Structure formats: structure tokens, C-alpha cells
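Structure first, then comments.
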Amino acid sequence: MKVGIVGLPASGKSTVFNALTRGDAQTGHFGSGRAEVNRGRTLVPDDRLDWLANLYETKKKTPAQVEFLDVPGLTPGSSDKGTAALIADLRTVDALLHVVRVFDDPSVPHPDGSVDARRDADSLETELVLADLAVVEKRLERIAADLGKGLDKRRLTEEKELLERIRGALEDGQAVRDLDLDDAARQSLRGYAFLSLKPQILVGNVSEDEPAGGDSDAKLAGWAKERSLSYLAVSAKIESEIARMDDEEAAAFLEDLGIAESSRARVIRAAFDALSLISFFTFGDDECKAWTLPKGSDAVEAAGKIHSDIARGFIRAEVVDFVTFRELGSWSAAKDAGRHRLEGKEYVMKDGDCVIFRFNV
Ligand SMILES: Nc1nc2c(ncn2[C@@H]2O[C@H](COP(=O)(O)OP(=O)(O)OP(=O)(O)O)[C@@H](O)[C@H]2O)c(=O)[nH]1
Ligand SMILES: [Mg+2]
């Protein structure tokens, strides 16, 4: 899974990136004109995997991973080469983490002279919409030219009608995400990688002095709600400091501040939700591993994640759900209690399934 961090200049994107990846990206260089993209990975914290690894005293524990891309701020209205390259990078991600400045700090000047979270969120959304509009217009021109040459009339006319509908919405400032599109339309739009169609998680970068609950924070939460986006308040500054500590230090610090959980875990969970992803586990003395799947995937698709041979030669999946596994304490105890299931190819995988695949090639 790849998540792109977007936001206006100096909203705290790189600070959030450092908090999430325990990275060391440069922060506070707004206006230096440098347009570098930071890339980093983070392991997905999952205490279910920890429990399995502990039970099997496994040699190797392999959590799922998320890749984060931190791009420089999108300056409203700019359409230079740098911006085009950033947009192209963003088209490759699965979801957007949209960072909006809520914190007020006179030592960090806001590019627009004042802090206004709703205005900023609108402004970034407009950038996404305009970037998509440019794609639609270019494609419509191309279609007109091809139709003029008498090419593939039926398919091109269908595509044209869909794109014209989308153009209308974008011109009204509406995200593609908010259009009522059927599965066929969504499928045919995939190649465009519209930014305003990507799942988006809104992060309010709140002040370290007022980590939750402030007025602008509530306004931004409202903005997200109006658009059915999930919203998280994060103090990027505090979290990026926590990311530099070892686990024990971090836990003590969080407790001191009365924060139950670091934002890394919260953000990752929100991304899993926004993308409708689930985890399943394979386990043993050699390796315990968490795998990521789109919700609704069947057992063969899960097997294919591990190896194409396992999918091809799939016989059945032996499954115990994690909660039962932990409750009964071992695989064999689950089996003895009749809580172990044999599932076929069409079985729809559930979050937390612990699986042994039987296959024959
Ligand atoms: N007080 C305070 N300052 C913050 C917070 N988050 C970020 N900053 C500061 O704001 C400035 C900009 O932060 P960055 O993380 O570099 O912002 P950015 O969005 O990556 O900026 P660009 O990449 O230049 O667009 C830095 O000086 C940060 O230290 C915060 O939660 N509180
Ligand atoms: Mg930055």
C-alpha cells in the first residue's frame, strides 16, 4: 500500500512523514524552491502478529508495510514543471493523507498570512480538482480528434459522455469521489488515476499546546464529515519527537501526555479502513507474517499473495480466526475444539484469519 502525503506548503507534511516513518526528512524549508520527494516505509503495528510470533518463538516476524510519499506543498495556482512532476508522482499512490495546518505558531509564518483550516482544506482540494480537470480536457480533445478520424465510435462516444459528466462536476469544484458512479464507470476510469477520486484521510495538524478539541480542529472535522472522509487530529510536532525515542521511552512519554496510542497506528488503521483492506496471517517456527488484502478477496486470491503456485494448485485453506486462536491458545487446541475450518476456493477472507494453505502443483 502506498500513501501520498499532500497539503499546502508548510502545513507540516514532512513533520507528519517523519512521525510515521521515523524518518529524517528536512522540515521547515518552505520557500527554498526545492522540490524533492521523500519516500519511506513503515511497518504496520499489529499485536495479533506479535502474539503469534511469541507463541511460535518464530525466527522471523514480518509485519505488513505501508510506503509513504511526502511531496513538497502544492502551491495553489502554480502549473510549473515541478508541480506537474509532483502530480504525476501522486497519481501512483493508493490513498492520500491530506495534512491541514491547525496549529498556530508565530514562528512558522503561514503562506497566506493567517491560519484557517477550512480555507486551506478547500484550497488543496481545488488543486486536486484542477489537476483532474486538466487530464479530462486533454483526453476529451484526443477523443474528438479520434472520432473525427472515424475510429472506434461506440467505445469513444461512451467514454466521452462519462468524461463530460465528470468535467461538469470538476468545473463546479466537485471531487470525482463525490459523483455517483457505477462499477463499470469506476473500472473505465482507473487508467486516469484521478487524484480527487482517491480515498482521502484528512489529518488536522493540531497545536502541541492544544492537542485536541480546539475550535479550528472542530471546524476541520466538520469539513471532513461533509465529504464523508475520515478525520484524525495529530500533533505532528509531538509525534515526530516520539518517533525518535525507543519504544519504552515513547510509551512513558505518551502516558505522561495522556495519549493512548501514537498517531502512527491510528493513521495506518485509518488508511486500512479508507482502502477497505484486511489482514490475514501465516504462522510457524520459521516465519509469522501479516498479509494485506482488499476486503472481499477470496481464498485463492489470498493464496496468490503468497505465491502464484499456491493459488494455481489450491486445494483448500485451513482457517482459524485470530480471536479463537488466542482464546484457545494453540492451533491444535482450536482443532480439538472443532473451531478449525476447511474452506474452499470461494471462501471470502476475513480480517484476522490465520491460514494454512493446502495445495498441489
Ligand atoms: N508549533 C508547531 N510547528 C509545527 C508543527 N508541525 C510542523 N511545524 C513546523 O512547521 C514548519 C513546516 O513544517 P514541515 O513539516 O516542513 O511542513 P511541510 O508541509 O513539509 O512544508 P513544505 O514541504 O515546505 O511544503 C516547520 O518549521 C515545522 O517545525 C506543529 O504541530 N506545531
Ligand atoms: Mg515538506
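Being a predicted model, the structure only gives us computed values, none of them experimental. For ligands, and for the atoms within them, numbers begin at 1 and follow the listed sequence. Computed from heavy atoms alone, side chains included, the values below leave out hydrogens, waters and symmetry copies.
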Q. Taking all non-hydrogen atoms of both residues, which atom of Thr58 and which atom of Cys288 are closest, and how far apart?
A.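 Smallest heavy-atom distance, with atoms named: OG1-N, 3.4 Å.
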
Q: Could you tell me which non-hydrogen atom of Met1 sits nearest to which non-hydrogen atom of Ala271, and how far apart they are?
A: SD-CB, 4.1 Å

Can you tell which part of [X] has a heavy atom less than 4.0 Å from ligand 1: side chain, backbone, both or neither?
X      : answer
Val108 : side chain
Asp105 : side chain
Asn205 : side chain

Would you tabulate the side-chain donor-acceptor contacts of residues 327-336 under 3.5 Å, counting partners in other chains and residues two or more places apart, or write 'none'?
{"residue": "Ser330", "atom": "OG", "partner": "Ser332", "partner atom": "OG", "Å": "3.3"}
{"residue": "Ser330", "atom": "OG", "partner": "Ala333", "partner atom": "N", "Å": "3.0"}

Q.
For Ile201, run the side chain to side chain contact (heavy atoms under 4.5 Å, CB included) check against Leu275, Asp273, Leu97, Val99 and tell me which one passes.
A. Leu97

Q: Pick whichever of Lys13, Glu208, Arg101 has a heavy atom sitting closest to atom 32 (N) of ligand 1.
A: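 Answer by nearest heavy atom: Glu208.
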
Q) Is there a side chain to side chain contact (heavy atoms under 4.5 Å, CB included) between Arg119 and Ser114 once you walk through the steps? A) CA-CA 10 Å; Arg119 175 201 63 203; Ser114 65; 3.0 Å; yes

Q. Are any of the side-chain nitrogens in Asp351 or Lys295 under 4.0 Å away from the carboxylate oxygens of its partner?
A.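 Salt bridge: no.
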
Q. About how many Å separate CG of Leu220 and OH of Tyr231, when rounded to the nearest 0.5 Å?
A.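 So the OH of Tyr231 and the CG of Leu220 are separated by 4.5 Å.
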
Do any N/O atoms on [X] end up under 3.5 angstrom from N/O atoms on ligand 1?
X      : answer
Thr15  : yes
Phe103 : no
Ser14  : yes
Ala10  : yes

**Q.** 2.8 Å cut-off met by an N, O or S atom of Ser14 to the Mg ion (ligand 2)
**A.**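 Yes, Ser14 qualifies, because one of its backbone or side-chain N, O or S atoms lies under 2.8 Å.
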
Q: Please verify whether a non-hydrogen atom of Ser207 lies at under 4.0 Å from ligand 1.
A: no

Q: For Val206, counting its heavy atoms only, list the atoms of ligand 1 lying under 4.0 Å from any of them.
A: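 Those of ligand 1 that fall under 4.0 Å from Val206 are 31 (O).
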
Q) Taking the inter-plane angle between the rings of Phe322 and Phe325 on a 0 to 90° scale, is it parallel (under 30°), tilted (30 to 60°) or perpendicular (over 60°)? A) tilted

